[in-house]
Amino acid sequence: MTRIRRGYIARRRRTKIRLFTSSFRGAHSRLTRTIIQQKIKALFSAYRDRDRHKRNFRCLWVTRINAAIRENAVSYSYSTLINNLYKRQLLLNRKILAQLAILNRNCLYLISNDMIK
C-alpha cells in the first residue's frame, strides 16, 4: 500500500499556535504540547492581570492624592477629601486628582481648601 499523506488542517492549527508562542523561550516555543500549555497559561494570566493592573493603578492614585493632601493640612486626609467631593457633587475622578497632585499641586490645594470651608 502506498503512504497516505495527511491533510493540512492540523498543521495549520499548530502553525497558528506556534506564531502566538514564537517569542517564548526554549521548548515553550518548539514542542507542540508545551506550546499549547503555555498559550493557555499566557492567555489566563493576561485575563487575570487586566483587573490587577486597574487595581494597582487605583492604589497608586489613592496614595499620591493622600500624600499630597497630608502635606497641605495635618488633620485632612484622603477619605475626607473624597467624601467632601461627593457631597459637593464635583466630578473629579482619582486619576485626575492624582495628576493634579503631581503636576499642579496648587490647584489641588485650592480644591481641598475649598472643601474644608
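Side chains included, hydrogens not; waters and symmetry mates left out as well; all remaining heavy atoms used. Numbering of residues begins at 1 and proceeds along the displayed sequence.
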According to a hydrophobic-cluster definition based on side-chain heavy atoms being under 4.5 Å apart (Ile, Leu, Val, Met, Phe, Trp, Tyr only), do [X] and [Y] belong together?
| X | Y | result |
| --- | --- | --- |
| L103 | L110 | no |
| I96 | Y78 | yes |
| L90 | W61 | no |
| I82 | Y109 | no |

T32 and its side-chain hydrogen bond (donor to acceptor under 3.5 Å, both in side chains) partner, picked from R13, R14, R18: R18

Which distance, rounded to the nearest 0.5 Å, do you find between the [atom1] of [X] and the [atom2] of [Y]?
| X | Y | atom1 | atom2 | result |
| --- | --- | --- | --- | --- |
| Q99 | L108 | CD | CG | 12.0 Å |
| F57 | R94 | CZ | CZ | 16.0 Å |
| T15 | I17 | OG1 | CD1 | 9.0 Å |
| L97 | I65 | CG | CD1 | 4.5 Å |
| C59 | K54 | SG | NZ | 14.0 Å |
| S77 | I69 | OG | CD1 | 9.0 Å |

Under 3.5 Å side-chain donor-acceptor pair for Y76 and N84: yes

Donor on one side chain, acceptor on other, N56 and R52, under 3.5 Å: no

Which atom of I35 lies closest to which atom of A27, heavy atoms considered: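 Heavy atoms of I35 and A27 come nearest at CG1-O, 4.4 Å.
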
For the student: nearest non-hydrogen atoms of S29 and S22, plus distance: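 Distance-wise, the nearest heavy atoms are CB-O, 4.2 Å.
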
Does atom [atom1] of [X] have more than 12 heavy-atom neighbours from other groups under 6.0 Å away?
| X | atom1 | answer |
| --- | --- | --- |
| L91 | CG | no |
| R6 | CZ | no |
| R30 | CZ | no |

Backbone N/O of A101 and side chain of R105: donor-acceptor pair under 3.5 Å: yes

R88 side chain to D114 backbone, donor-acceptor under 3.5 Å: yes

Residues in side chain to side chain contact (heavy atoms under 4.5 Å, CB included) contact with R33, at least two apart in sequence or another chain: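 If we apply the side chain to side chain contact (heavy atoms under 4.5 Å, CB included) test to R33, skipping adjacent residues, there are no hits.
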
Contact check, side chains of T21 and T34, non-hydrogen atoms, under 4.5 Å: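 No, too far: nothing below the 4.5 Å cut-off.
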
